[in-house]
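Taking it in order: structure first as structure tokens, then the write-up.
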Amino acid sequence: LNSIPAPFVERIEIVNQGAGASLGVEAVAGVVNIVLRDEIDGIALTADGGISERGDAAEYSFSVLAGKQFSDNRGHFTAGVTFASEPSLLVQQRPRISSPYGFGLDGRRSFGEDAVFAPGFGGSPSTPNGLLSGVVTNSGDVQLFSFSDAPQVFAPDGQSFEPFEARLDQLYNWTTDFSALPEIERLIGYASGEYEISPDHNAYAEFHFAQSDVQSQVASAPVFTSRGRSRSFGDAIFVPADNPFAPQGLLALAELSAG
């Protein structure tokens, strides 16, 4: 239905019983018949627009429909084009849903008996800066950090590390990059012609064109695994010990765990 602009529609017929004889063999239980305008003589211009009550998500459309009758109204030709645009809307632009809800207690994600359902605690534990779970030895074995049951994350200074405790400031708010509404641009063209050859015979031709460009943004999928290949997210990211960009805090963390 998105390929049929409203300005091109003359009427909509609803048949709630079998109409296969007149509308096709598939119209067994009924049919919705959309009749397009095909006898217009002149030009019709249409412009529509709208905006949300919050002053965003403005959308608009423009349509041009033209037609001409000829040969004493025995023939007619109709053509039209419409362009519609609907902007993207990110989840973060709606305060009520901009922070994912989850269970938390004392500023940390928790599923304890006294945990409350509050915004922010539904964030992802896969933080943008990564979770550090252990080191890979020369033999290829993965050795988890033995001095802490929790993986390590970058501290606010960007150099040192701290245990991941599922605090609000450590959880990743995935709604920041998530589209509530996709951006849509739609271009639709239509043309039809009909000519009465005789009282019992008509020649008819129709052309439809539709092009839609849809752009949607989703939250980043984390890349993580503690050992080997992860079918869901791919391989883990390994940082060589001689990487010149590896922070000293990371090297010290690895040396403390593996020696």
Side-chain angles (χ1 to χ4, degrees), residues 1-17 19-20 22-70 73 75-100 124 172-195 202-221:
L1 294 179
N2 285 336
S3 63
I4 306 177
F8 295 0
V9 178
E10 178 180 334
R11 67 183 185 276
I12 299 177
E13 301 173 344
I14 299 178
V15 181
N16 57 7
Q17 57 186 357
S22 59
L23 296 175
V25 295
E26 295 182 355
V28 178
V31 69
V32 176
N33 187 31
I34 301 176
V35 181
L36 303 182
R37 300 173 65 182
D38 59 1
E39 295 186 359
I40 183 173
D41 193 2
I43 299 177
L45 303 177
T46 305
D48 293 310
I51 193 171
S52 74
E53 62 183 6
R54 295 178 174 83
D56 55 10
E59 58 183 50
Y60 60 89
S61 65
F62 300 98
S63 297
V64 179
L65 185 64
K68 180 65 177 179
Q69 298 185 3
F70 54 91
N73 295 333
H76 63 264
F77 177 78
T78 305
V81 63
T82 184
F83 175 78
S85 176
E86 302 176 17
S88 173
L89 181 69
L90 296 178
V91 174
Q92 62 176 316
Q93 296 177 255
R94 290 290 185 263
R96 291 187 178 182
I97 59 175
S98 61
S99 185
S124 172
Y172 168 52
N173 184 357
W174 52 267
T175 65
T176 303
D177 305 317
F178 202 87
S179 293
L181 294 174
E183 179 181 355
I184 302 176
E185 289 188 351
R186 186 179 297 113
L187 179 64
I188 301 173
Y190 165 75
S192 68
E194 187 174 4
Y195 185 78
N202 284 9
Y204 180 81
E206 188 175 71
F207 169 78
H208 286 268
F209 170 81
Q211 176 179 313
S212 296
D213 183 13
V214 181
Q215 298 185 16
S216 182
Q217 185 171 305
V218 298
S220 303

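Nothing fancy with the numbering, it's 1 onward along the sequence.
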Verdict with reasoning, Val35 to Glu13, per side-chain contact (heavy atoms from CB on, under 4.5 Å): CA-CA 8 Å; Val35 181; Glu13 301 173 344; 4.0 Å; yes
Any donor-acceptor N/O pair, Thr82 side chain to Phe62 backbone, under 3.5 Å: yes
Closest non-hydrogen atom pair, Ser179 against Val91: C-CG2, 4.1 Å
Atom of Asp177, atom of Tyr172 and distance for their closest heavy-atom approach: OD2-OH, 2.7 Å
Which atom of Thr176 lies closest to which atom of Asn173, heavy atoms considered: OG1-O, 3.1 Å
For Ser192, all residues meeting side-chain hydrogen bond (donor to acceptor under 3.5 Å, both in side chains), sequence neighbours excluded: Tyr190
side-chain contact (heavy atoms from CB on, under 4.5 Å) between Leu65 and Arg37, intermediate numbers included: CA-CA 9 Å; Leu65 185 64; Arg37 300 173 65 182; 3.9 Å; yes
Check: Asp41 and Lys68 side chains under 4.5 Å, non-hydrogen atoms: yes
Non-hydrogen side-chain atoms of Glu183 and Gln217 separated by less than 4.5 Å: no
Minimum heavy-atom distance between Glu185 and Ser85, given as atom pair plus value: CG-OG, 4.1 Å
Beyond-backbone contact of Val9 with Leu36, side-chain heavy atoms, under 4.5 angstrom: yes
Closest non-hydrogen atom pair, Phe77 against Phe70: N-CE2, 4.2 Å
4.5 Å side-chain heavy-atom contact, Leu90 and Phe178: no
Which atom of Phe8 lies closest to which atom of Gly80, heavy atoms considered: CZ-C, 3.5 Å
Ring geometry between Phe209 and Phe207 (parallel below 30°, tilted from 30 to 60°, perpendicular above 60°): parallel
Of all pairs that satisfy side chain to side chain donor-acceptor pair (under 3.5 Å), the ones with a partner from residues 89-100, not counting sequence neighbours: Asp56-Arg94
CD1/Ile97: more than 12 non-hydrogen atoms of other groups inside 6.0 Å: yes
